[in-house]
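In what follows, a structure is listed as structure tokens, so that the remarks can point back to it.
Whatever order the structure lists them in is the order used to number ligands and atoms, beginning at 1.
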Amino acid sequence: MTTILVTGGAGYIGSHACKALRAAGYTPVTYDSLVTGWQDAVKFGPFEQGDLRDAARLDEVFAKHRPVAVMHFAALSLVGDSMKDPGPYWDNNVIGSLRLIEAAIRAGCLNFVFSSTCATYGDQDGVVLDEDTAQAPINAYGASKRAIEDMLNNFTASHGLRAVIFRYFNVAGADADGEVGEHHRPETHLIPLMLDAIDGKRPALTVFGTDYPTPDGTCIRDYVHVMDLVAAHVLGLKWLEAGKPGRVFNLGTGTGFSVREVVANSAKVTNRPVPVNEGPRRPGDAVALVSGSSRAQAELGWAPIRSDMETMIADAWRWHQSGHYDR
Ligand code: UDP
């Protein structure tokens with residue numbers, strides 16, 4: 001079976017990607033430091049513990065497993081944290097990615113599928129965010145991801161590396177079979193925090209900012225189901241296997257939901273009230289991030305089939321209630 005090195009395979013998106021890769025006939029080898037990942041989320045292939053910045057450990061893992069491609073998920077990914085302390089974002093994300101790319105090149109593994117983000121676009125009021133939109137990140141997380149995109153492009157020119165770069169919008173939901181799901185410690189994401197508030201694990205959800213220039217005053221985001229998102233990654237891998245050149249794809253549905261709309265949908269899906277407080281804006285948040293592109297649908301044949309808001313919340317709620325979340 002063809003082996004893929006999955007950095008961050010013990011995390012939320014990486015663990016779902018490992019499941020999708022396994023189902024598509026690949027062997028996903030997880031490389032994860034377990035700083036934010038969970039070893040019991042590694043269920044679909046071998047596990048190698050290690051830090052992205054550890055070149056010797058990376059060489060060992062490339063030599064042992066001989067992957068044909070890297071899916072690079074491992075990263076610090078919290079907008080708020082990145083504004084408080086950007087250092088770890090540049091160190092772990094940027095320096096770590098450089099060490100990974102160098103190790104991959106030493107091993108002759110030149111195919112990359114990379115997790116980038118709509119946060120690289122920044123705050124572009126009214127501009128349709130397609131892949132050709134100029135990138136202007138407003139937080140250190142987005143800046144670190146844009147730097148890695150630049151780095152991948154540089155190594156394409158110098159070493160023939162090929163990278164499919166996915167710019168994610170907001171990822172939500174959980175595996176429909178309940179094998180893996182979202183679990184961050186500490187949790188900072190809207191939907192899991194809201195589910196916590198709904199079942200009393202937290203007193204309330206705080207809405208970050210109600211004075212944004214949007215119809216209801218709260219930020220607008222484009223949510224995409226994690227299963228749809230990882231299905232795109234398998235298509236991205238096949239794109240590279242077919243010998244096609246590196247390419248950037250947005251992964252969003254093109255439909256935006258305000259924070260208040262997500263709250264209303266959660267109340268409806270769970271049939272419970274959502275305790276809500278209103279708080280100040282969170283530094284680094286863009287007003288609205290909605291994908292204006294259907295390039296992934298047109299060129300990869302991607303079809304986001306579970307990304308309606310109710311299905312995403314229902315899948316997240318089922319996972320939330322399964323007890324895994326209480327680890
Ligand atoms: N948000 C919120 N309260 C929270 C967490 C998030 O109002 O406790 C808002 C946040 O300001 C943003 C949206 O929900 O507009 C999604 O935030 P999240 O942290 O889930 O993802 P991000 O957009 O930062 O990747």
Side-chain angles (χ1 to χ4, degrees), residues 8 11-13 36 73 75-84 86 89 93 115-125 129 137-146 166-174 181-199 201-226 229 250-253 255-267 274-291 307 309 312-313 315-317 319-320:
Y12 170 42
I13 300 170
T36 56
F73 297 95
L76 300 175
S77 62
L78 303 179
V79 167
D81 279 5
S82 83
M83 295 298 282
K84 286 183 202 136
Y89 282 74
N93 293 3
S115 306
S116 189
T117 170
C118 62
T120 60
Y121 294 121
D123 210 355
Q124 310 215 14
D125 190 23
L129 300 176
I138 58 166
N139 53 60
Y141 166 60
S144 74
K145 289 284 186 170
R146 186 185 59 176
F166 287 119
R167 294 190 188 136
Y168 305 168
F169 285 69
N170 282 61
V171 188
E182 184 168 15
H183 186 208
H184 299 105
R185 195 171 55 202
E187 189 51 77
T188 64
H189 294 95
L190 176 63
I191 292 174
L193 285 177
M194 188 162 39
L195 299 179
D196 271 354
I198 288 172
D199 72 3
K201 292 196 177 94
R202 290 171 203 266
L205 173 80
T206 301
V207 175
F208 294 148
T210 54
D211 60 348
Y212 283 100
T214 60
D216 67 17
T218 64
C219 288
I220 293 174
R221 296 286 181 272
D222 179 341
Y223 293 85
V224 55
H225 196 297
V226 65
L229 185 98
N250 278 355
L251 293 179
T253 65
T255 304
F257 287 82
S258 72
V259 175
R260 287 199 209 278
E261 286 172 333
V262 177
V263 169
N265 273 280
S266 300
V274 186
V276 167
N277 292 325
E278 294 185 357
R281 293 183 179 195
R282 181 175 65 178
D285 267 344
V287 178
L289 291 167
V290 180
S291 176
S307 295
M309 185 51 74
M312 287 189 283
I313 294 170
D315 287 350
W317 182 231
W319 167 255
H320 193 89

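Scanning the protein for heavy atoms near atom 3 (N) of ligand 1, the closest one is Thr206 O, 2.7 Å. Among protein heavy atoms, atom 15 (O) of ligand 1 sits closest to Cys219 CB, 3.0 Å. Among all non-hydrogen protein atoms, the one lying nearest atom 1 (N) of ligand 1 is Phe208 CD1, 3.7 Å. Scanning the protein for heavy atoms near atom 8 (O) of ligand 1, the closest one is Leu193 CD1, 3.3 Å. Among protein heavy atoms, atom 24 (O) of ligand 1 sits closest to Arg282 NH2, 2.8 Å. Protein heavy atom at the shortest distance from atom 20 (O) of ligand 1 is Leu190 N, 2.8 Å.
Here SG of Cys219 is found 10.0 Å from CG of Asn170. Values are rounded to the nearest 0.5 Å. Atom CG of Asn277 and atom CG of Leu205 lie 8.0 Å apart (nearest 0.5 Å). Rounding to the nearest 0.5 Å gives a distance of 11.5 Å between CE of Met83 and OH of Tyr89. With values rounded to the nearest 0.5 angstrom, Ser258 atom OG is found 3.5 Å from Asp216 atom CG. One distance of note links OG1 of Thr210 with CD of Glu278; it measures 4.5 Å at 0.5 Å rounding.
Within ligand 1, counting atoms from 1 as listed, the ones closer than 4.0 Å to a heavy atom of Val259 are 7 (O), 9 (C), 14 (O), 15 (O). Distances below 4.0 Å separate heavy atoms of Asn170 from the following atoms of ligand 1: 16 (C), 21 (O), 22 (P), 23 (O), 25 (O). Annotation for ligand 1: atoms under 4.0 Å from non-hydrogen atoms of Leu205 are 8 (O). Which parts of ligand 1 touch Val207 is read off a 4.0 Å heavy-atom cut-off, strictly below it: atoms 7 (O). Every atom of ligand 1 is numbered from 1 in the order shown, and the set under 4.0 Å from a heavy atom of Thr188 is 5 (C), 19 (O).
Among the candidates Leu251, Asn250, Leu289, Val290, the single residue satisfying the side-chain contact (heavy atoms from CB on, under 4.5 Å) test with Cys118 is Leu289. When His320, His184, His183 are each tested for a ring pair (Phe, Tyr, Trp, His ring centres under 6.0 Å) with His189, only one passes: His184.
Taking Asn139 as the reference, nothing meets the side chain to side chain donor-acceptor pair (under 3.5 Å) condition, with sequence neighbours excluded.
Considering backbone and side-chain N/O of Asp285, one or more are found under 3.5 Å from N/O of ligand 1.
At least one donor-acceptor pair under 3.5 Å links the side chain of Tyr12 to the backbone N or O of Ala172.
Ligand 1 has at least one atom lying under 4.0 Å from a heavy atom of Tyr223.
Neither the backbone nor the side chain of Val262 comes within 4.0 Å of ligand 1, counting heavy atoms alone.
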